[in-house]
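This report refers to the structure that appears directly beneath it.
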Amino acid sequence: MTRFLHKVAKPFTSAAQPQINLATHLKPTRINLSLKSYLKSNPIKTIFLFSDLLRKKISAVDSYSLLYVIKACTKKSLGTEGKQTHTLVIKLGYEPIIFLQTSLMDMYAATTNIADVHKVFDEIPNKNVVCWTSLISAYVRNQKPYRAIEIFRHMQMDGVEPDQVTFTVSLSACADMGALDKGVWIHDLISRKPEFSEDLSLMNALVNMYVKCGDIRKAMLVFDNIRVKDIRTWTSMIVGHALHGQAEEALRLFSALEEENKSRSIQCQGTKDQLLVPNDVMFIGVLMACSHAGMVEEGKRYFRSMIEEYGIKPRLSHFGCMVDLLCRLGLLKEAYSFILAMPIQPNAVIWRTLLGASGVHGNEELAAVAQSRLRELNASLVGDDVALSNIYAAKGMWEEKIMLRHEMTQRRTPGCSLVEVGKLHS
DNA sequence: TTAGGGTTAG
């Protein structure tokens, strides 16, 4: 660890690591209880309280306090503060506590510092399944699913048995890669442990993997076999149908959920705990289904119901879905009015949706408006200019096209391509 | 009082 944090003197050599006597920590200190409670409500407060403690009474800091601060840094993605806490872990001699090491890995993963995740992992002497899973999870979180699956294999070769969490994060890697063969292989490993079928997070990850890898039939099979579903199970399946153009199935499922809630609310006489109330993510799936099926009136109705019946404040994603829905049907003017009436500032994606649709439906006026809005946002890409230029060409507006092309060469350097050559050992 | 997990448009 001296190599890792070279400015910090290592208090103990690895040959003479301190024996942490957990018995002395059995009684929780009041300060640790406060650090822990702030972690939920206001993680920044955990950090402030801890730094106060360091100044006033460093002897009150123990491994639990450090753990809560590391978690606070993870939640708020605070890399510098996280690294400072790591230094303290070393200074105070708490390195042998594996809970701290895995939390540190999680913190470095959250702050996109994958190199340090790996350094912490490498220096853990006896790596258990949690250490390996944290490493796999770090790679998944940092968009490196191929590497995550490689590590999953290394773990197996090392003789460490994967558990439910390892399988859940590994399935997430397969979903990100769209690697059905690897997902099926992991499903097969899971099937050998019947008790794992009771783990809802794992089952949801399985549904999601089949959805993202394009095997909607298999996704439905897993979905139907989940006895007690939660809102994520339903959302994954609704999004799955929407992504595969099965809008009617997606909306049927949404209605089934609403019906189930109605009958449950009669049974439970008003207790909301038993209900699976649709959330903002689920409505993205519902709106996406309407958009893919060209169901504009239904889409508008669901958008209203989301706000009025469910009290969900639409986010940029929901407005984006509505713009997409209107644009796909060629309702460009309505889409433009909708964008102008949005209570939040439209982003580049929304203007680019309008630009693309204006090209498809040959509306050069709206295309020019969308393109100028993209420039205002400083988010204009070469492709946007090309799109507008192609619309001018299709309309025979050669002067406009030449002017735009001239502008493009003035503003841009010629494009170049980058190709990433990755490798996956199988 | 201590570790790692699943749903999100274009």
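Just so it is clear: chains get the letters A, B, ... in the order the sequence lines come, proteins before strands, and each one is counted from 1.
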**OP:** Mind listing the residues from residues 315-331 of chain A sitting with a heavy atom below 4.0 Å of DNA chain B? Number order is fine.
**Re:** A:Arg315, A:Leu316, A:Ser317, A:Gly320, A:Cys321, A:Asp324, A:Arg328

Original post:
Under 4.0 angstrom, heavy atoms only, what part of the nucleic acid is A:Leu200 near: base, sugar-phosphate, or nothing?
Top reply: base

Subject >> Phosphate OP1/OP2 of B:dT1 contacted by A:Asn32 side-chain N/O (<4.0 Å) >> reply: no

**OP:** Quick one: label A:Ile350 by what it contacts on the DNA or RNA (base, sugar-phosphate, nothing), any heavy atom closer than 4.0 Å.
**Re:** nothing

Original post:
Quick one: does NZ or CZ of A:Lys127 land under 6.0 Å from the six-membered ring centre of A:Phe121, within 45 degrees of the ring axis?
Top reply: yes

Original post:
Is the number of heavy atoms from other residues, nucleotides or ligands within 6.0 Å of NZ (A:Lys300) greater than 12?
Top reply: yes

**OP:** Can you figure out which of B:dT8, B:dT7, B:dG5 approaches the side chain of A:Lys212 most closely?
**Re:** B:dT8

**OP:** Ignoring the backbone of A:Val129, work out which of B:dG5, B:dG4, B:dT7 is nearest its side chain.
**Re:** B:dG4

Subject >> More than 12 heavy atoms of other groups within 6.0 Å of A:Tyr310 OH >> reply: yes

Original post:
For A:Arg227, what residues pass the side chain to side chain contact (heavy atoms under 4.5 Å, CB included) criterion, not counting sequence neighbours?
Top reply: A:Glu198

Original post:
Closest heavy-atom contact between A:Trp351 and A:Ala370?
Top reply: O-CB, 3.6 Å

Subject >> Whole-Å distance separating the CH2 atom of A:Trp234 from the P atom of B:dT8 >> reply: 17 Å

Original post:
Considering only B:dG4, B:dA3, B:dT7, which nucleotide approaches the side chain of A:Phe99 most closely?
Top reply: B:dA3

Original post:
If you look at every strand shown and take non-hydrogen atoms under 4.0 Å, does A:Thr166 touch a base, only sugar-phosphate, or nothing?
Top reply: base

**OP:** May I ask you to say whether A:Lys119 pairs ionically with A:Asp116, meaning some side-chain N is under 4.0 Å from a carboxylate O?
**Re:** yes

Original post:
For A:Val211, which contact category applies under a 4.0 Å heavy-atom criterion: base, sugar-phosphate, or nothing?
Top reply: nothing

Subject >> Closest nucleotide among B:dG5, B:dT8, B:dA9 to the A:Asn347 side chain >> reply: B:dA9

Original post:
Which of residues 293-307 of chain A sit near DNA chain B, with a heavy atom under 4.0 Å from it?
Top reply: none

Original post:
Should the pair A:Phe223 and A:Trp234 be assigned to parallel (<30°), tilted (30 to 60°) or perpendicular (>60°) ring geometry?
Top reply: perpendicular

**OP:** Using salt bridge (charged side-chain N to carboxylate O under 4.0 Å, His left out) as the criterion, list what pairs up with A:Lys56, not counting sequence neighbours.
**Re:** A:Asp52

Original post:
Above 12 or not: heavy atoms from other molecules or residues under 6.0 Å from CD of A:Glu195?
Top reply: yes

Original post:
Where along residues 65-74 of chain A does a heavy atom fall under 4.0 Å from DNA chain B?
Top reply: A:Leu67, A:Tyr68, A:Lys71

Original post:
For B:dT1, does either OP1 or OP2 sit under 4.0 Å from a side-chain N or O belonging to A:Lys40?
Top reply: no

**OP:** Mind checking side chain to side chain contact (heavy atoms under 4.5 Å, CB included) for A:Lys262 and listing every partner two or more places apart, or none if nothing turns up?
**Re:** A:Glu259

Subject >> Presence of donor-acceptor pair under 3.5 Å, side chain of A:Thr168 and base of B:dG5 >> reply: yes

Original post:
What is the nucleic acid contact for A:Asp280, judged by heavy atoms within less than 4.0 Å: base, sugar-phosphate only, or nothing?
Top reply: nothing

**OP:** Name the nucleic acid region contacted by A:Val130, choosing base, sugar-phosphate or nothing; use a 4.0 angstrom heavy-atom cut-off, strictly under.
**Re:** base

Original post:
Base, sugar-phosphate, or nothing: which does A:Lys229 touch, judged by heavy atoms less than 4.0 Å apart?
Top reply: nothing

**OP:** Determine the contact category for A:Ser201: base if any of its heavy atoms lies under 4.0 Å from a base atom, sugar-phosphate if only primed atoms, P, OP1 or OP2 are that close, otherwise nothing.
**Re:** base

**OP:** Classify the angle between the aromatic ring planes of A:Phe152 and A:Trp185 as parallel (below 30°), tilted (30 to 60°) or perpendicular (above 60°).
**Re:** perpendicular

